[in-house]
Peer 1: 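Mind having a look at this structure? Questions to follow.
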Amino acid sequence: MSDTPATAATATPFSIATWNVNSLKVRLPHLLEWLAEASPTLVCLQETKLEDHAFPTAEIKAAGYQVAFSGQKTYNGVAIVSRLPLTDVVMGNPRFDDPQKRLISATVAGPDGDVRVVGAYFPNGQEVGSDKYAYKLQWLAALHDWLAGELAAHPRLALCGDYNIAPADEDVHDPAAWAGQILCSEPERQAFRDLVGLGLVDAYRLFPQAERSFSWWDYRNLGFQKNLGLRIDHVLLSAPLAERCTAARIERHLRKKERPSDHAPVIATLS
DNA sequence: ATGCCTTCGCCTCGAAGA
């Protein structure tokens, strides 16, 4: 027997997820299905590719979730959907003037106090040495600088999103082929380590995981069927949240659905 | 292999993604 109140004992655990949906217009049915099935407390979405007036607020609210979003036509676009109220919503990085909608932050009530959630769609970079790669590194440096202050202000913080960085060779299906390439280059991996150095922990690596675990697979060449993937979507937790993290997994089965996103959601559970 | 798949916007092909 436990003296825990029944309401707490039966409550769904607090969980934080991230998913690059590659067009929320196309993937809304998948999202609604997954919200009903996995019941995450909160999900950060990337690549919504929707202007704010077109965001499917009513459909997501009908599923029992609140929304905050920052989008644009064709590219980028981020959102947070949450079963709990979202407060202090902030768009973008105040230290980095950027027309690309890649960042959204909000506060939710967590199991042991407020949690600050930062949802991020990191730049892809296209090719090492390109203008887009230079932008990616500048964006990463600005994120690091801003996040140091955010962590000081909000010690209970989660940085969730499509990082477009495979942090280590074990996160790459063919490390030799990808060595030095975009998503795997040393400056990108160093930027990832610099974020970790602020006091963040990769929730997925807190637990034993299957080898060759990935969150993205190329649409081409039967990438998913052959498991030719990369682990580039991450939930990073500050120490007080990492201490309470009890599980982390990749929702690989969503990649098997009809007309899937090329990314699968990543979800971390907190006690 | 400058390829493959998917999305969007433009206008049925190019750009971008990763």
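Both backbone and side-chain heavy atoms feed into the values below; hydrogens, waters and symmetry mates do not. Letters A, B, ... mirror the listed sequences (proteins, then strands); counts begin at 1.
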Peer 1: Ignoring hydrogens and angles, state whether a donor on the side chain of A:His173 or A:Trp178 is under 3.5 Å from an acceptor on the partner side chain.
Peer 2: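 A donor-acceptor contact under 3.5 Å links the two side chains.
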
Peer 1: Could you tell me how far apart A:Trp217 (CH2) and B:dG17 (C1') are, to the nearest whole angstrom?
Peer 2: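 Computing the A:Trp217:CH2 to B:dG17:C1' distance gives 16 Å.
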
Peer 1: Would you kindly give the CZ-to-C1' distance between A:Arg220 and B:dA1, to the nearest whole Å?
Peer 2: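 About 12 Å, once rounded to whole Å.
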
Peer 1: Quick check on B:dA18: is either OP1 or OP2 less than 4.0 Å from any side-chain nitrogen or oxygen of A:Gln126?
Peer 2: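 Indeed not, no polar side-chain atom of A:Gln126 lies that close.
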
Peer 1: Tell me what A:Asp233 touches on the nucleic acid: a base, only sugar-phosphate, or nothing, going by heavy atoms under 4.0 Å.
Peer 2: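 No contact at all - A:Asp233 keeps every heavy atom at 4.0 Å or more from the nucleic acid.
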
Peer 1: Please determine whether a side-chain nitrogen or oxygen atom of A:Arg259 lies at a distance below 4.0 Å from atom OP1 or OP2 of B:dT7.
Peer 2: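 So the side-chain polar atoms of A:Arg259 do come within 4.0 Å of the phosphate oxygens OP1 or OP2 of B:dT7, strictly under.
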
Peer 1: Rounded to the nearest 0.5 Å, what's the gap from CG on A:Asp98 to CG on A:Leu143? Could you check?
Peer 2: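 Output value for this atom pair is 11.5 Å.
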
Peer 1: Atom OH of A:Tyr219 to atom C1' of B:dC8: distance rounded to whole Å?
Peer 2: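 Whole-Å distance recorded here is 13 Å.
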
Peer 1: Is there a donor on the side chain of A:Asn164 or the base of B:dA18 sitting less than 3.5 Å from an acceptor on the other?
Peer 2: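 Under the 3.5 Å cut-off, the side chain and the base do not form any donor-acceptor pair.
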
Peer 1: Suppose you measure atom C1' in B:dA1 against the same atom in B:dC10; what distance do you get, rounded to whole Å?
Peer 2: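 My reading of the C1' atoms in B:dA1 and B:dC10 gives 28 Å.
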
Peer 1: Taking atom types as modelled, find out whether A:Ser215 and A:Tyr204 have a side-chain donor-acceptor pair closer than 3.5 angstrom.
Peer 2: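 Looking only at side-chain atoms, A:Tyr204 and A:Ser215 do not form any donor-acceptor pair under 3.5 Å.
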
Peer 1: Once you apply a heavy-atom cut-off of 4.0 Å, does A:Leu222 come out as touching a base, just sugar-phosphate, or nothing?
Peer 2: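 If one applies the 4.0 Å heavy-atom cut-off, A:Leu222 turns out to touch nothing in the nucleic acid.
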
Peer 1: If you assign each of A:Gln100 and A:Lys25 to its closest nucleotide in DNA chain B, which residue comes earlier from the 5' end?
Peer 2: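 Closest to the 5' end, via its nearest nucleotide, is A:Lys25.
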
Peer 1: Please give, in whole Å, the distance from B:dT6 P to A:His30 NE2?
Peer 2: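 Value for this atom pair: 12 Å.
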
Peer 1: Looking for any heavy atom pair under 4.0 Å, which part of the strands does A:Lys136 touch: base, sugar-phosphate only, or nothing?
Peer 2: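 Nothing: the residue A:Lys136, judged by heavy atoms under 4.0 Å, touches no strand.
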
Peer 1: Whole Å only: how far is the CG atom of A:Asn76 from the C1' atom of B:dT7?
Peer 2: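 Answer to the nearest Å: 13 Å.
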
Peer 1: The side chain of A:Arg27 is closest to which nucleotide in this list: B:dT7, B:dA18, B:dC8?
Peer 2: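 Selected nucleotide: B:dT7.
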
Peer 1: Centres of the A:Phe122 and A:Trp139 rings: under 6.0 Å?
Peer 2: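 Here the rings of A:Trp139 and A:Phe122 have centres that are less than 6.0 Å from each other.
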
Peer 1: Assign each of A:Asn221 and A:Tyr75 to its nearest nucleotide of DNA chain B by heavy atoms, then name whichever residue's nucleotide is nearer the 5' end.
Peer 2: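 It is A:Asn221 whose nearest nucleotide is closer to the 5' end.
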
Peer 1: Rounded to the nearest Å, what distance is computed from the NZ atom of residue A:Lys226 to the P atom of nucleotide B:dC5?
Peer 2: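 For the pair A:Lys226 NZ and B:dC5 P, the rounded distance is 12 Å.
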
Peer 1: Give a yes/no on whether any side-chain N or O of A:Ser23 is located under 4.0 angstrom from OP1 or OP2 of B:dC8.
Peer 2: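 Yes, within the criterion.
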
Peer 1: Rounding to a whole Å, what distance do you find between A:Glu188:CD and B:dA18:P?
Peer 2: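 Taking atom P of B:dA18 as the reference, CD of A:Glu188 is at 12 Å.
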
Peer 1: Between atom NZ in A:Lys73 and atom C1' in B:dG17, what is the gap in whole Å?
Peer 2: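 Distance, rounded to whole Å: 19 Å.
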
Peer 1: With sugar-phosphate meaning primed atoms plus P, OP1 and OP2, does A:Gln181 contact a base, only sugar-phosphate, or nothing at under 4.0 Å between heavy atoms?
Peer 2: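 Nothing: the residue A:Gln181, judged by heavy atoms under 4.0 Å, touches no strand.
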
Peer 1: Hey, does A:Phe214 reach any base, or is it just sugar-phosphate, or nothing, if we go heavy atoms under 4.0 Å?
Peer 2: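 A:Phe214: no heavy atom of the nucleic acid under 4.0 Å.
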
Peer 1: Find out whether A:Arg83 and A:Ser39 are in side-chain contact, i.e. whether some heavy atom of one side chain is under 4.5 Å from a heavy atom of the other.
Peer 2: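 They are in side-chain contact.
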
Peer 1: Could you give the distance separating B:dC4 and B:dC13 at their P atoms, to the nearest angstrom?
Peer 2: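 Comparing P positions in B:dC13 and B:dC4 gives a spacing of 14 Å.
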
Peer 1: Testing the 3.5 Å rule here: is there a donor-acceptor pair between the side chains of A:Asn227 and A:Trp217?
Peer 2: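 There is such a pair between these side chains.
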
Peer 1: Kindly say whether A:Pro85 contributes a backbone atom to a donor-acceptor pair with the side chain of A:Ser82 at under 3.5 angstrom?
Peer 2: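 Not a single qualifying donor-acceptor pair exists.
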
Peer 1: Please tell me which of the listed nucleotides, B:dG9, B:dT7, B:dA18, lies nearest to the side chain of A:Asn22?
Peer 2: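 The answer is B:dT7.
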
Peer 1: Under 4.0 Å between a side-chain N or O of A:Lys49 and OP1 or OP2 of B:dG9?
Peer 2: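 So the side-chain polar atoms of A:Lys49 never come under 4.0 Å of the phosphate oxygens OP1 or OP2 of B:dG9.
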
Peer 1: Quantified in whole Å, what is the C1' atom distance between nucleotide B:dT12 and nucleotide B:dT6?
Peer 2: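 It works out to 16 Å between them.
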
Peer 1: Remember a base hit wins even if backbone is also touched, and classify A:Leu183 as base, sugar-phosphate or nothing at under 4.0 Å, heavy atoms.
Peer 2: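 Counting heavy atoms under 4.0 Å across all strands, the contact made by A:Leu183 is with sugar-phosphate only.
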
Peer 1: Would one find a side-chain N or O of A:His263 under 4.0 angstrom from OP1 or OP2 of B:dA18?
Peer 2: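 So the side-chain polar atoms of A:His263 do come within 4.0 Å of the phosphate oxygens OP1 or OP2 of B:dA18, strictly under.
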
